[in-house]
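For reference, the structure discussed in these notes is given below.
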Number of protein chains: 2
Amino acid sequence: MNETIQQIQNHRSIRKFKNEEITQKQIDEIIQSAQSASTSSYYQAYSIIGITDPELKKALRDVSGQQYVENNGHLFVFCADLNRIYNSQPKEIQEEMVVNLENTEFFMMSTVDASLAAQNAALASEAMGLGICYLGSLRNNINKVNELLDLPKYVIPIFGMAIGVPDESPEKKPRLPIDTIYHENKYQLNQPGIEKFDQTTVEYYQSRSTNQKVERWSEQVGKKLRKPMRMDVTDFVKSKNLNVR
Amino acid sequence: MNETIQQIQNHRSIRKFKNEEITQKQIDEIIQSAQSASTSSYYQAYSIIGITDPELKKALRDVSGQQYVENNGHLFVFCADLNRIYNSQPKEIQEEMVVNLENTEFFMMSTVDASLAAQNAALASEAMGLGICYLGSLRNNINKVNELLDLPKYVIPIFGMAIGVPDESPEKKPRLPIDTIYHENKYQLNQPGIEKFDQTTVEYYQSRSTNQKVERWSEQVGKKLRKPMRMDVTDFVKSKNLNVR
């Protein structure tokens, strides 16, 4: 198999890093790779914030609740950013474009732009032998992250990414059967693969080397989703003038 | 430079394909690569719909308004999907989880999940020598796409992706200067790189082999954003019970 595909399919999240910074050259490759992703209508509607200040890193660790957010080679925060476009325009065009910038389509589009860039950053990092972990956990207190990074209107943090030299080698986590994720021509409501996958996750959680448990996938996600989570995100996004129309 | 990074940084969108289908083995590699991406809390909150029916492909081409949406090796539609999770639960848990599924956080999260999977699909395709183009243009009539693919509640099409054997070799499109996209510790409102980039795009558009024009980046995005676009997306997303809380 092709080396790139092998690497893509060999992904696992790394949550324990060696105490080594990554180099400026590595950071440059990561950002240049992120920027090489497709971007909707050439908008490039995202920004990436690299955290070099130890106090700030600690504060973001507190938001995420996870130690490795502090102890890694480098911490990045990926933001959807429609402010750059807005700021680049004369006042009369700014006024006209607000009808677009503030609706759900542009909130969605900028979230996609940031995500495509991030996945390129992730794969470029892994190609250099580094490990990564996405940090949706920064949305545990999205207002705090916003404040820490001094984000203007039209900019919201989507997730963080911890990147560094791996100090663990976890098992690859199984995925839903292909016929559950991939449908032909029409959406298939009936997905018998889920039952099979529940059994797969039970076997995975029992056989893995750390944190063994007995849990079916559907049970796990159900348990998690019964509790209201991150209920402040809706109002936060609106407070940044996004998703309000 | 590492082969994978070289490939990532060498990306260009392909909009003209040879009249060759891609193989089932290639489709399997693409989907398996998509599934290998990180996924928020193991939710795997997306589905991919492969279009094999020529009539359906033609109908989606009509939505996008672009010929190559019909003439390519294979057409995929990436959907944010919270229906699978909902469907996998007993009734009493379904009722409890709605408070999460229907808020902005989960709309954002599932959009990210679909996007990370898609970027893996894109890079896996390019690693096999195929070309790709993202099709945000399917959101030109998102209600029509929804109807054509028979999507249930909690499932929305985010974008399409045309994949096939390239029949063109376009120039690489320049990107914003790194100090515009990448900030340290705080968001930088002042981004002098934009002016430089405006000059870069003028030179790029004048020197490229097809469709030459004189246009600055800020002028181009400003022109585009003055006209209200895809104003039905907000209500469409809500009609699928997403982003309503």
Side-chain angles (χ1 to χ4, degrees), chain A residues 2 4-5 7-9 11 31-33 35-36 38 40 44 48-50 52-53 56 85 88-89 93 96-97 99-100 103-105 108 111-112 115-116 119-120 124 127 134 136 149-152 175-176 178 181-187 189 194 218 221-222 225-226 228-230 233-234 237, chain B residues 2 4-5 7-9 11 29 31-33 35-36 38 40 44 48-50 52-53 56 85 88-89 93 96-97 99-100 103-105 108 111-112 115-116 119-120 124 127 134 136 149-152 175-176 178 181-187 194 218 221-222 225-226 228-230 233-234 237:
Chain A
N2 179 296
T4 300
I5 293 183
Q7 185 215 301
I8 289 173
Q9 295 184 1
H11 163 74
I31 304 300
Q32 207 183 316
S33 296
Q35 289 196 258
S36 302
S38 292
S40 186
Q44 306 175 69
I48 305 169
I49 305 190
T52 55
D53 174 357
L56 184 55
I85 288 175
S88 72
Q89 303 300 315
I93 298 186
E96 287 177 318
M97 76 202 312
V99 62
N100 285 316
N103 67 25
T104 299
E105 158 69 10
M108 183 152 77
T111 300
V112 171
S115 303
L116 302 188
Q119 187 55 15
N120 265 12
Y134 278 90
L149 303 179
D150 219 0
L151 304 180
R175 293 293 192 257
L176 282 163
I178 188 166
I181 286 287
Y182 184 63
H183 311 190
E184 273 190 17
N185 300 311
K186 306 272 172 206
Y187 187 89
L189 257 183
I194 292 177
S218 58
V221 300
L225 283 159
R226 293 177 86 155
M229 270 183 290
R230 301 176 184 166
V233 168
T234 300
V237 173
Chain B
N2 180 297
T4 300
I5 292 182
Q7 185 215 302
I8 289 173
Q9 295 184 1
H11 163 74
E29 289 290 7
I31 304 301
Q32 205 183 319
S33 296
Q35 289 196 260
S36 301
S38 292
S40 185
Q44 306 176 67
I48 306 169
I49 305 189
T52 55
D53 173 358
L56 185 55
I85 288 175
S88 72
Q89 304 299 316
I93 298 185
E96 286 177 320
M97 75 201 313
V99 63
N100 285 315
N103 68 25
T104 299
E105 157 70 8
M108 182 153 75
T111 300
V112 170
S115 302
L116 302 187
Q119 188 54 17
N120 265 12
Y134 278 89
L149 304 180
D150 217 1
L151 304 180
R175 294 293 192 256
L176 283 162
I178 187 165
I181 285 287
Y182 183 64
H183 312 189
E184 272 190 18
N185 298 312
K186 306 270 171 208
Y187 187 88
I194 291 176
S218 59
V221 299
L225 282 160
R226 292 176 87 156
M229 270 182 290
R230 301 178 185 166
V233 168
T234 301
V237 173

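Only this structure's heavy atoms are used, side chains among them; waters, hydrogens and symmetry mates stay out. Naming convention: chains lettered A, B, ... in sequence-line order (proteins, then strands); numbering from 1 in each chain. Because the structure is a prediction, the values reported are computed rather than measured.
Minimum heavy-atom separation, A:Ser33 to B:Ile5: OG-CG2, 4.0 Å. Nearest approach of B:Gly50 to A:Tyr182, heavy atoms of both residues: CA-OH, 3.3 Å. In plain terms, the two heavy atoms of B:Asn2 and A:Ala127 that are nearest each other are ND2-O, 2.7 Å.
The choice from A:Met97, A:Gln32, A:Arg226 that makes the most heavy-atom pairs within less than 4.5 Å of chain B is A:Arg226. Note on B:Ile85, B:Val112, B:Thr111: by heavy-atom pairs under 4.5 Å with chain A, the leading option is B:Val112. The choice from B:Val221, B:Asn120, B:Leu151 that makes the most heavy-atom pairs within less than 4.5 Å of chain A is B:Asn120. With chain A as partner, the option from B:Asp150, B:Val237, B:Leu56, B:Thr104 having the largest number of non-hydrogen pairs under 4.5 angstrom is B:Thr104. Looking only at heavy-atom pairs under 4.5 Å with chain A, the residue among B:Ile181, B:Ile49, B:Leu176 that has the most is B:Ile181. Comparing B:Glu184, B:Arg175, B:Met108, B:Arg230 by heavy-atom pairs within less than 4.5 Å of chain A, the highest count is held by B:Arg175.
Contacts of A:Gln89 with chain B are made by side-chain atoms alone, with heavy-atom separations under 4.5 Å and no backbone atom involved. If you measure heavy-atom distances from B:Gln35 to chain A, the contacts under 4.5 Å come from both the backbone and the side chain. Contact annotation for A:Glu105: both backbone and side-chain heavy atoms come within less than 4.5 Å of a heavy atom of chain B. Interface residue B:Asp53: backbone and side-chain heavy atoms are both found under 4.5 Å from chain A. For a residue to count as touching a neighbouring chain, one of its non-hydrogen atoms must lie under 4.5 Å from one of that chain's; by this rule A:Val99 touches chain B with backbone and side chain alike. Residue contact with chain B, scored on non-hydrogen atoms closer than 4.5 Å, involves the backbone and the side chain of A:Asn185 alike. With a 4.5 Å cut-off on non-hydrogen atoms, A:Leu116 touches chain B through its backbone and its side chain both. The contact between A:Ile194 and chain B is made entirely by side chain atoms (from C-beta outward), counting heavy-atom distances below 4.5 Å.
In this structure, B:Asn100 contributes its side chain and A:Met229 its backbone to a donor-acceptor pair below 3.5 Å. Between the A:Gln7 side chain and the B:Thr4 main chain, no donor and acceptor come within less than 3.5 Å of each other.
One finds the CD1 atom of B:Ile31 at 11.0 Å from the OG atom of B:Ser36 (value rounded to the nearest 0.5 Å). Expressed to the nearest 0.5 Å, how far NE2 of B:His183 lies from CD1 of A:Ile48 amounts to 9.0 Å.
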List the steps and the verdict of side chain to side chain donor-acceptor pair (under 3.5 Å) for A:Gln119 and A:Tyr134.
-> CA-CA 10 Å; A:Gln119 187 55 15; A:Tyr134 278 90; 2.7 Å; yes
Side chain to side chain contact (heavy atoms under 4.5 Å, CB included) between B:His11 and A:Ser38, intermediate numbers included | CA-CA 8 Å; B:His11 163 74; A:Ser38 292; 3.0 Å; yes
